[in-house]
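The block underneath contains the structure these notes are about, expressed in structure tokens.
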Amino acid sequence: MAEQAFASVWALSYADFEFLGRYGAKSRVMLACQLLFMRRHGRFPVGRSELDPDVIEYIADQIGVADDTACSFSSDTARRQRGDVLDFLGIRRGSERDRMELQSWMVAHLGGRDLPLSDWVSRGYEQARQIGVFVPSDKIMERLARAARRNFRDDFLTLAASRLPAETARQLELALSEPFAETGFQRLKDDVGAASLESILLAARKVFFIEGLDLPLETLAAVDRGWAARLARQVDGETASEMRRHARDRRLGLLTIYLMHRKSQLIDGLIDLLLEVVHRLGTRSRRKVIQGIAADIGAVHGKERLLVDIAAAALDHPDGRIEEVIFPIAGAAKLRAVIEEHRAKGALDTRIHRVMRRSYASHYRRMLPALLSALKFRSNNVKWRPILTALDQIIQFAAAGRRVVPEDNIPSGLIPAKWRTAVMDESGRVNVIALELCVLTQLRERIRVKEIWVEGSDRYRNPDDDLPGDFAERRDAYYADLRLPQNSKSFIARVKADLEQELHLLNATLPDNDKVRLRWSGENRISVTPLAPVPEPPGLAALKGEVARAWPMTGLLDVLKETALDTGFLNSFQTSASREALPSVVRDQRLLLCLYGLGTNAGLKRVASGSTEVSYDELLHIRRRYIDPSSLKAACAQVANATLAIRNPEVWGTPGTTCAGDSTKFGAWDRNLMTEWHARYGGRGVMIYWHVERQATCIYSQLKRCSSSEVAAMIEGVLRHCTDMEIQRQYVDSHGQSAVGFAFCHLLGFELAPRLKAIARQKLALPNTGMRAQLPNLLPILSGVVDWSEIERQYDEMVKYAAAMQHGTADPEAILRRFARSDVMHPTYKALAELGRAIKTIFLCRYLRSEVFRREIHEGLNVVENWNSANSFVFFGKGGEIATNRVRDQETAAHALHLLQSSLVYVNTRMMQSVLRNPDVVARLSPEDYRGLTPLIYLHINPYGRFEVDLEKRIDFEPVAA
């Protein structure tokens, strides 16, 4: 299929041959290349480098003439020949009128779409070719594209401003004139803050303010969400005084688009605050009750001995009186203490609910009216409608001032069994405050799994919007993209065959495997001999020494600058302003200083104080106008692609298809919703999840909460890394895998390979009941049979969720949240869990059978752990703590660290390849040295010093190549 497409584009017609026959044999190949390139792209190639060698060879074969490599693209003859090509194709040179019509076409057909400038240029050339107009240079086409983008933006902002009611325009102007008022411009841009009553009330007032503005929401329906987000980013980077300097229609239009975009973010933040406050109410109350129980238990000592003495006395004197037989042993006071202890330990849930109610009633209850007025809860499942009905009733009870209501006044089945004693008294009356707390607790659980959703939200939106809306119409295409058979029986047969084969192989090889042993009793039945540590090959230390001698104390800022000049990643940073006045050299110098200050965590003030050429305000301007998470991600992908491209296969081996994922904790300020207490590592902070391939190139990074799903982070990185690498196997630690994770990875077309900490407790699933007798060596670790019928029934739904992940309809975390363990009744969850059991068993069989496979996983994870260890060297400022409460700034710091560390890997790759061009160095390396080779070294790097950028001074990569 690909060969047919290639031939259809680059094949010459009879008319083409007739045209080429008028020219000399030497120039025919290049002339034919330019003819076909023009026919396809609407422009001529800039030079030979823009032509694929395979294309040149294919065209030369058709003509039957060897390619003339000396053919010039800039000679008078070449220019004359290009004019002949245009005449042959019926294309005229565009007049000024043609260019204006082309610009108008761009406004009408590309305006409002989330496209980079390069796409505007390429589509402009396509349109020019279709209307028979020639645009002679990229500069002219770029100018037309920029003018078209500017015209559409200005017209759109004017339209948005014109649709504002007069009162709305007045309130927007007031927000700009009083930016630090409660609903002023600056406060509207602030994050919702930490989980507290004040944060909830303030966030609710912001939502009220925006909803009351009567904004023209229908305006956004005509443009892409990403395009509107870029406009919102411009507003986010401006101060109130800068906004006020715009013309009236422009500033009102910008603020209107920003607030329409910001509304969903504020609603998401308000829901996050609600979930976190309810969670804290429960955990703090539970902690308080358990501490009280512990204190009560500590008041009575020797209870077991006391029980023995009482039992012995009762048996010795069965007819005796209690006051004569028992009291002399225990005493009334001690017996009373034992009773109090038992009461303290009993009815734990009731005590927790009582403490929760006191805390809620005295403080947090004030948030409820604001929350229920600001948020509109909905559900697609009739099972959870009683919760929504109860929310409406709570508003009515509060308005009537009622503290207790009859049980008949609330929906049946609303109160769970564990809440009944806390909510209802003996006479059946319902305590309204306890009812509110009971409903909020259930609401939190249902929102987290998206059984209840919120209007106007993004992350907590209607779960039906997470799935592809056109799945039924484009079912064939979605299955083809995932490379899955549409017939569920074919899919199951393939999985079942793999499962049977792996089980038989493990059963046959296990008796001769001295590294794996099975036990017949106990919980831990699998014993795997740990891998012996491999010492560092001696040649690697010598190689690192050569790099350090050739480039001693190379500045980290120079490393970043060299990578920027080599890869051009600074092009990823475009200004959010409407125009750019800074000279490109000055802009690039300041960009590099900003990226260095963010990536090292030194900060812009410290960088400015160490430079004589730039001030803090100038760096802050660059930071606000140019640097945002999306631009940093694009730059990181560009550096990763460049690193993969420059690698010498003789040094690093063939390009791999494996990647490792792991997270590392960073301390962070905690007056925000991203920072959480880490249960495993302790302390408050955030997690950065890295995806690092085998040669230490990081292809993706994410800022995550400490409690967020590492399985979702792993899947997102594989799907969204935007580099040229194709991942076929993903290594993770124990926290990056689950049964549902195994299922989704298989549906998405890559293999999950975890290093399981709890390998001793793993079980193997069976494909059918009759197979148990065929696996005598595996009997201690066999579990139940996979429910293939459940997989068959839910196959289409599973594929639909996988397609949503692949096409970005929803984030993996939003989808996996629906399949939390507490939601085991979801039918698709059951099917995914069963499929995950089968895929995990296939993996476990390979893992137990092959020590080589186990070592491969271990080595892959060592690479990402080495990447984690380098974080503290690069991110040295402020003790490695992310010193901001703005989540967007936290994300920017994470991606800036990624970019700086990736630049280090890029430069080290070039340095090591330069060293390895020296035959004396190569002679000292063994195959083991090459196997352990890594470009993530920093003994020769100086991360500190004066911060000055000289774009004319380059790193010399040739001093040891001879």
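In this text, all values refer to a predicted model and were calculated from it rather than measured experimentally. Just so you know, these numbers use all the heavy atoms, side chains as well, and skip hydrogens, waters and symmetry mates. Nothing fancy with the numbering, it's 1 onward along the sequence.
More than 12 heavy atoms of other shown residues, nucleotides or ligands fall within 6.0 angstrom of atom CZ in R365. For R525, the CZ atom sits in a packed shell: over 12 heavy atoms of surrounding residues, nucleotides or ligands are nearer than 6.0 Å.
Minimum interatomic distance between E451 and S379 (heavy atoms only, all atoms of both residues): O-OG, 2.8 Å. Closest of all the heavy-atom pairs between L188 and T183 is CD1-O, 3.6 Å. Between A195 and L273, the shortest heavy-atom distance links the atoms CA-CD2, 3.6 Å. Shown here for R446 and I387, the closest heavy-atom pair between the two residues is CG-CD1, 3.9 Å. Across every non-hydrogen atom of N524 and R761, the tightest pair is OD1-CG, 3.0 Å. What you find for V355 and K288 is that their closest heavy atoms are CG1-CD, 4.0 Å.
Counting heavy atoms from C-beta on, the side chains of V740 and Y829 come closer than 4.5 Å. Residues E813 and R459 are not in side-chain contact: their nearest non-hydrogen atoms beyond the backbone lie 4.5 Å or more apart. Using a 4.5 Å heavy-atom cutoff, the side chains of D236 and R262 are not in contact. Between R461 and K450 the shortest side-chain heavy-atom distance falls below 4.5 Å. By the 4.5 Å heavy-atom criterion applied to side chains, L832 and M798 are counted as neighbours. Residues I200 and L270 meet the side-chain proximity criterion, which asks for heavy atoms closer than 4.5 Å. Contact of the R818 side chain with the P463 side chain is registered, since non-hydrogen atoms from C-beta on lie closer than 4.5 Å. At least one side-chain heavy atom of M687 sits under 4.5 Å from a side-chain heavy atom of Y681.
In this structure a side-chain-to-backbone donor-acceptor pair under 3.5 Å is present from K878 to N601. A donor-acceptor contact shorter than 3.5 Å links the side chain of Q737 to the backbone of S734. Here the side chain of N672 pairs a donor or acceptor atom with the backbone of M674 at under 3.5 angstrom. With hydrogens and angles disregarded, a donor-acceptor distance shorter than 3.5 Å links the side chain of R837 to the backbone of G784. Judged by distance alone, the side chain of T664 and the main-chain N or O of N868 form no donor-acceptor pair under 3.5 Å. In this structure, the side chain of E790 does not engage the main chain of K830 through any donor-acceptor pair within 3.5 Å. A distance-only check finds a donor-acceptor pair linking the side chain of T675 to the backbone of W669 [under 3.5 Å].
Taking CG from L440 and CG from L371, the interatomic distance works out to 8.0 Å, rounded to the nearest 0.5 Å. Separating the OH atom in Y689 from the CD atom in Q702 is a distance of 8.0 Å, to the nearest 0.5 Å. With rounding to the nearest 0.5 Å, the separation of CG in N380 from CD1 in I452 is 10.5 Å. Atom CD of E426 and atom OG1 of T421 lie 10.0 Å apart (nearest 0.5 Å). Atom-to-atom distance recorded for R287:CZ and R284:CZ is 7.5 Å, nearest 0.5 angstrom. From I882, atom CD1 reaches atom CG of L703 across 6.0 Å, with rounding to the nearest 0.5 Å.
Within the structure, the side chain to side chain donor-acceptor pair (under 3.5 Å) test picks out the following pairs touching residues 407-419 (sequence neighbours left out): E407-R420.
T828 and E797 share no donor-acceptor pair across their side chains, judged by distance under 3.5 Å alone. A donor-acceptor contact under 3.5 angstrom links the side chains of D268 and S457, judged on distance only. Side-chain contact annotation: D464 with W453, donor-acceptor N/O pair under 3.5 Å absent. Judged purely by distance below 3.5 Å, without hydrogens or angles, the side chains of D191 and N885 never pair a donor atom with an acceptor atom. If you check the side chains of Y460 and D272, you find a donor sitting under 3.5 Å from an acceptor.
Ion pairing between a basic and an acidic side chain is recognised when a charged N comes within 4.0 Å of a carboxylate O; R817 and D466 show no such pairing. A salt bridge links E710 with R680; the closest basic N to acidic carboxylate O contact falls under 4.0 Å. Looking at R888 and E891, no side-chain N of the basic residue comes within less than 4.0 Å of a carboxylate O on the acidic one, giving no salt bridge. Ionic pairing of R280 and E276 is present here: one or more N-O contacts between side-chain nitrogen and carboxylate oxygen are shorter than 4.0 angstrom.
Test L435, T389, V432 against I410 for side-chain contact (heavy atoms from CB on, under 4.5 Å) and you get one pass: L435.
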### Query
Can you check side-chain contact (heavy atoms from CB on, under 4.5 Å) on M367 and L274, steps first, answer last?
CA-CA 9 Å; M367 71 180 180; L274 168 64; 4.3 Å; yes
### Query
Passes side-chain contact (heavy atoms from CB on, under 4.5 Å), Y364 versus S359? Steps please.
CA-CA 7 Å; Y364 285 106; S359 178; 4.2 Å; yes
### Steps toward side-chain contact (heavy atoms from CB on, under 4.5 Å) verdict (M714, L752)
CA-CA 10 Å; M714 174 270 299; L752 181 61; 3.7 Å; yes
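Residues passing the salt bridge (Lys or Arg N to Asp or Glu O under 4.0 Å) test with D889, sequence neighbours excluded: R623.
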List the atom pairs, with distances to 0.1 Å, where a side-chain N or O of residues 206-214 and a protein N or O form a donor-acceptor pair under 3.5 Å, not counting sequence neighbours.
residue: K206; atom: NZ; partner: R187; partner atom: O; Å: 2.6

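Taking the six-membered ring where the residue is Trp, F666 and W690 present perpendicular rings, their angle passing 60° and hence far from 30°.
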